[in-house]
Asker: 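Dumping the structure here so I can ask a few things about it.
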Amino acid sequence: MDLINADMEQRVVIDTHAMPWTFSPQPGVERKVLESLDADTERVTTIVRFAPDSYFPAHTHGGGEELIVLEGVFSDASGNYPAGSYVRNPPGSTHQPFTREGCTIMVKLWQFSEEDQAQVRIDTRSAPWHPGLVEGLSVMPLHKHDGVNTALVKWEPNTRFNPHVHPGGEEILVQEGKFRDELGEYPEGTWLRNPRWSQHTPFTGPEGALIYVRVGHIGARLIGQN
């Protein structure tokens with residue numbers, strides 16, 4: 001796979017809805033590549049769409065797999081994961097994913113540290129929310145390891161956060177509503193990657209927002225890196 005958005009010091013903003021679907025090696029499975037960081041290991045972040053009654057052959061994730069189900073129901077031998085499910089399969093894990101009704105997921109491959117061996121299954125439709133640092137903000141922690149933090153963040157309408165800096169970078173997928181900062185507006189389906197030491201003052205308008213957010217990962221030591 002060609003390198004795509006591989007310069008982690010560059011800011012990236014993508015309207016994933018405007019991207020065309022491209023074929024994968026497996027019939028019934030299509031994808032949109034947001035970033036491809038290593039051609040050898042296929043260290044990638046992609047949106048993947050499975051047609052109804054499609055599957056992917058059994059395979060091993062040498063560098064781990066993280067995914068969040070955006071639509072439909074994703075399945076493998078360990079269970080069925082409806083929209084809102086957050087799944088982490090550690091390095092060395094094997095599965096054969098499939099779907100009955102079809103599904104769309106965001107998936108990240110080869111973006112684990114070698115020591116991160118936790119298997120995670122969270123149904124975000126029922127997991128608890130915690131108060132954020134400002135009124136109108138709620139946080140659902142999903143995973144934390146060695147300075148890399150992943151969470152869902154729910155913004156009530158017209159919420160404003162404090163100006164802040166991301167020393168280890170930031171990645172966001174807007175799942176609902178519209179997220180904003182002084183650099184622009186990001187409706188549902190927008191994927192952003194802000195580099196190390198980037199700073200902004202995020203806020204929402206009347207729509208509010210729900211975002212997947214990952215911080216601290218840029219520059220982190222990942223399995224498979226020399």
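No experiment lies behind these values; they were computed from the predicted model shown.
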Asker: For Glu135 and Glu156: C-alpha separation, side-chain torsions, deciding distance, then whether side chain to side chain contact (heavy atoms under 4.5 Å, CB included) applies.
Answerer: CA-CA 9 Å; Glu135 184 176 355; Glu156 297 299 330; over 6 Å; no
Asker: So do Thr124 and Leu142 actually touch side chain to side chain, heavy atoms under 4.5 Å?
Answerer: yes
Asker: Under a plain distance cut-off of 3.5 Å, with no hydrogens placed, do Tyr212 and Glu171 share a side-chain donor-acceptor pair?
Answerer: no
Asker: Where do Gly216 and Ala220 come nearest, in terms of heavy atoms and distance?
Answerer: O-CB, 4.1 Å
Asker: Assess whether side chain to side chain contact (heavy atoms under 4.5 Å, CB included) is satisfied between Glu176 and Lys154, documenting all intermediate values.
Answerer: CA-CA 9 Å; Glu176 297 177 11; Lys154 181 165 57 178; over 6 Å; no
Asker: Given the rule that I, L, V, M, F, W and Y join up when any side-chain heavy atoms are under 4.5 Å apart, are Phe161 and Val153 in one cluster?
Answerer: yes
Asker: To the nearest 0.5 Å, tell me how far Thr45 OG1 sits from Glu35 CD.
Answerer: 3.5 Å
Asker: Between atom CG of Asn194 and atom CE of Met8, what is the distance when rounded to the nearest 0.5 Å?
Answerer: 11.0 Å
Asker: Within the 3.5 Å criterion, strictly below it, is a donor on Arg121 or Asn89 matched to an acceptor on the partner's side chain?
Answerer: yes
Asker: Which distance, rounded to the nearest 0.5 Å, do you find between the CG of Asn5 and the CG of Leu34?
Answerer: 8.0 Å
Asker: Does anything in residues 100-153 pair up under ring-ring contact (aromatic ring centres under 6.0 Å, His included), and if so which pairs, sequence neighbours excluded?
Answerer: none
Asker: Between Leu173 and Val107, is there a shared hydrophobic cluster once you connect ILVMFWY residues whose side-chain heavy atoms come closer than 4.5 Å?
Answerer: no
Asker: Judged by atom type as modelled, is there a donor-acceptor pair below 3.5 Å linking the side chain of Thr22 to the main-chain atoms of Arg31?
Answerer: yes
Asker: With a 4.5 Å cut-off on side-chain heavy atoms, are Gln175 and Ile211 touching?
Answerer: no
Asker: Take the angle between the ring planes of Tyr81 and Phe74 and call it parallel below 30°, perpendicular above 60°, tilted in between.
Answerer: tilted
Asker: Locate the shortest heavy-atom distance separating Pro141 from Ala151; write the atom from each residue and the value.
Answerer: CA-CB, 4.1 Å
Asker: Check the pair Val48, Val29 against side chain to side chain contact (heavy atoms under 4.5 Å, CB included), reporting the backbone distance first and the verdict last.
Answerer: CA-CA 7 Å; Val48 180; Val29 182; 3.6 Å; yes
Asker: Is Val73 close to Pro82 at the side-chain level, that is, under 4.5 Å between some pair of heavy atoms?
Answerer: yes
Asker: Check the pair Ser93 / His61 against side chain to side chain contact (heavy atoms under 4.5 Å, CB included), numbers first and verdict last.
Answerer: CA-CA 6 Å; Ser93 58; His61 289 292; 4.2 Å; yes
Asker: Over all heavy atoms of both residues, which pair between Pro97 and Asp76 is shortest? Give the atoms and the distance, please.
Answerer: CA-CB, 4.1 Å
Asker: Looking at side-chain heavy atoms only, is the closest gap between Arg100 and Asp53 below 4.5 Å?
Answerer: yes
Asker: Sequence neighbours left out, what passes side chain to side chain contact (heavy atoms under 4.5 Å, CB included) with Gln10? Give chain and number order.
Answerer: Asp7
Asker: Under 4.0 Å between a side-chain nitrogen and a carboxylate oxygen: does that hold for Glu170 and Arg11?
Answerer: no
Asker: Atom CG of Leu3 and atom CZ of Arg43: how far apart are they, to the nearest 0.5 Å?
Answerer: 11.0 Å
Asker: Determine whether Ile218 and Val213 fall in the same hydrophobic cluster, where Ile, Leu, Val, Met, Phe, Trp and Tyr are linked whenever their side-chain heavy atoms lie under 4.5 Å apart.
Answerer: no
Asker: Find out whether Gln119 and Pro90 are in side-chain contact, i.e. whether some heavy atom of one side chain is under 4.5 Å from a heavy atom of the other.
Answerer: yes
Asker: Given side chains that start at C-beta, do those of Thr201 and Arg160 come closer than 4.5 Å, heavy atoms only?
Answerer: yes
Asker: Is the shortest side-chain heavy-atom distance between Thr99 and Ser75 below 4.5 Å?
Answerer: no
Asker: With a cut-off of 3.5 Å and sequence neighbours excluded, list every side-chain donor-acceptor pair involving residues 13-20.
Answerer:
unit_1, atom_1, unit_2, atom_2, d
Asp15, OD1, His17, N, 3.1
Thr16, OG1, Gly189, O, 2.5
His17, NE2, Glu188, OE1, 2.9
His17, NE2, Glu188, OE2, 3.1

Asker: Is Asp116 paired with Arg88 through a side-chain N to carboxylate O contact shorter than 4.0 Å?
Answerer: yes
Asker: Should we count CD of Glu114 as having more than 12 external heavy atoms under 6.0 Å?
Answerer: no
Asker: Among the clusters formed by ILVMFWY side chains lying less than 4.5 Å apart, do Val215 and Val174 turn up in the same one?
Answerer: yes
Asker: Decide whether Ile47 and Trp191 are clustered together by the hydrophobic rule: side chain heavy atoms of Ile, Leu, Val, Met, Phe, Trp, Tyr closer than 4.5 Å, transitively.
Answerer: yes
Asker: Going by side-chain hydrogen bond (donor to acceptor under 3.5 Å, both in side chains), name the residues that satisfy it together with Arg214, two or more places apart in sequence or in a different chain.
Answerer: Gln111
Asker: If you link ILVMFWY side chains whenever their heavy atoms are less than 4.5 Å apart, which other residues fall into the same cluster as Leu222? By chain and number, please.
Answerer: none
Asker: Look up atom CG in Leu67 and atom CG in Leu109, then write down how far apart they are to the nearest 0.5 Å.
Answerer: 9.0 Å
Asker: Please give me the minimum heavy-atom distance between Pro27 and Ser54, naming the atom from each residue.
Answerer: O-CB, 4.4 Å
Asker: Taking atom types as modelled, is there a side-chain donor on Tyr86 or Asp123 under 3.5 Å from an acceptor on the other?
Answerer: no
Asker: Should the heavy atoms of other residues, nucleotides or ligands under 6.0 Å from CG of Asp2 be counted, would the total exceed 12?
Answerer: no
Asker: Atom CZ in Arg49, atom OG in Ser24: separation rounded to 0.5 Å?
Answerer: 11.5 Å
Asker: Might you point out which heavy atoms bring Pro91 and Gly63 nearest each other, and give the distance in Å?
Answerer: CG-C, 4.0 Å
Asker: Is the shortest side-chain heavy-atom distance between Gln96 and Tyr55 below 4.5 Å?
Answerer: yes
Asker: Taking only residues two or more places apart in sequence or in another chain, which ones pass ring-ring contact (aromatic ring centres under 6.0 Å, His included) with Trp155?
Answerer: Phe179
